[in-house]
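Because the structure is a prediction, the values reported are computed rather than measured.
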Amino acid sequence: MIHLSQAAASEIVRIKSKQQPNVLFRLAVKPGGCSGFFYDMSFDEAIKVGDRVFDFDEIQVIVDAESLNQLNGLTVDYSEDLMGGGFRFHNPQAIATCTCGNSFSISN
């Protein structure tokens with residue numbers, strides 16, 4: 001299961017309002033980054049075969065089957081500081097993270 005803080009959900013809704021109508025919010029894991037994997041957030045027009053849909057109050061989060069295992073238990077938050085705003089990822093499966101907070105590694 002994936003969790004969104006109220007701040008993250010509000011920011012996703014705000015960004016989504018600037019996209020095409022009926023666009024879907026997609027969260028995925030891709031190879032790369034300093035620690036081996038990074039979180040990828042994008043908008044998509046369709047739910048694909050094997051996708052899992054997580055319903056939150058105002059949005060749906062779509063996760064592909066390959067990313068699902070690495071995102072299980074993930075909490076996504078959003079906060080602003082003097083350097084601007086950004087999403088923060090808290091993944092209980094991560095054994096190491098990069099200082100950027102977007103790159104992580106897990107045990108195989």
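- With sequence neighbours left out, S10 forms a side chain to side chain donor-acceptor pair (under 3.5 Å) with Q6.
- For K48, the side chain to side chain donor-acceptor pair (under 3.5 Å) partners at least two apart in sequence or on another chain are D44.
- Residues forming a side chain to side chain donor-acceptor pair (under 3.5 Å) with Q60 (at least two apart in sequence, or on another chain): D55.
- Nearest heavy-atom pair, P92 versus N72, reported as atom, atom and distance to 0.1 Å: CG-O, 4.2 Å.
- Applying the ring pair (Phe, Tyr, Trp, His ring centres under 6.0 Å) test to pairs two or more places apart or on separate chains, those with a residue in residues 12-34 are F25-F43.
- Residues meeting the side-chain contact (heavy atoms from CB on, under 4.5 Å) test with T75, sequence neighbours left out: H3, H90.
- Residue pairs that meet the ring pair (Phe, Tyr, Trp, His ring centres under 6.0 Å) test with at least one member in residues 48-72, sequence neighbours left out, do not exist here.
- Between the D64 side chain and the A28 main chain, no donor and acceptor come within less than 3.5 Å of each other.
- No continuous path of hydrophobic side-chain contacts links I62 to L68 [ILVMFWY only; heavy atoms under 4.5 Å].
- Distance check: S42 OG to L24 CG gives 10.0 Å after rounding to the nearest 0.5 Å.
- Taken together through direct or relayed side-chain contacts under 4.5 Å among Ile, Leu, Val, Met, Phe, Trp and Tyr, V63 and I47 form parts of separate hydrophobic clusters.
- Residues that satisfy the side-chain contact (heavy atoms from CB on, under 4.5 Å) test with A7, not counting sequence neighbours, are S5, D77, Y78.
- Between V23 and Q19, the closest heavy-atom pair is CG1-CB, 3.5 Å.
- Q93 contributes a side-chain N or O that, together with a main-chain N or O of N69, makes up a donor-acceptor pair within less than 3.5 Å.
- Atom CD of E66 is surrounded by 12 or fewer heavy atoms from other residues, nucleotides or ligands within 6.0 Å.
- Of all non-hydrogen atoms in G85 and E80, the two that sit nearest each other are CA-CG, 3.7 Å.
- Put simply, the side chain of V76 does not reach to within 4.5 Å of the side chain of V61, judged on heavy atoms.
- By the side chain to side chain donor-acceptor pair (under 3.5 Å) test, E58 is found to be paired with no residue, residues two or more places apart in sequence or in another chain being considered.
- Hydrophobic cluster membership for V49: none, as no Ile, Leu, Val, Met, Phe, Trp or Tyr side chain comes under 4.5 Å of it.
- How far CZ of R88 is from OH of Y39: 13.5 Å, rounded to the nearest 0.5 Å.
- D51 pairs by the salt bridge (Lys or Arg N to Asp or Glu O under 4.0 Å) definition with R26, not counting sequence neighbours.
- Between G50 and A65, the closest heavy-atom pair is O-CB, 3.5 Å.
- Taken from CG in L74 to CG in L27, the straight-line distance is 6.0 Å, to the nearest 0.5 Å.
- The CD1 atom of I2 sits 8.0 Å away from the CZ atom of R52 when rounded to the nearest 0.5 Å.
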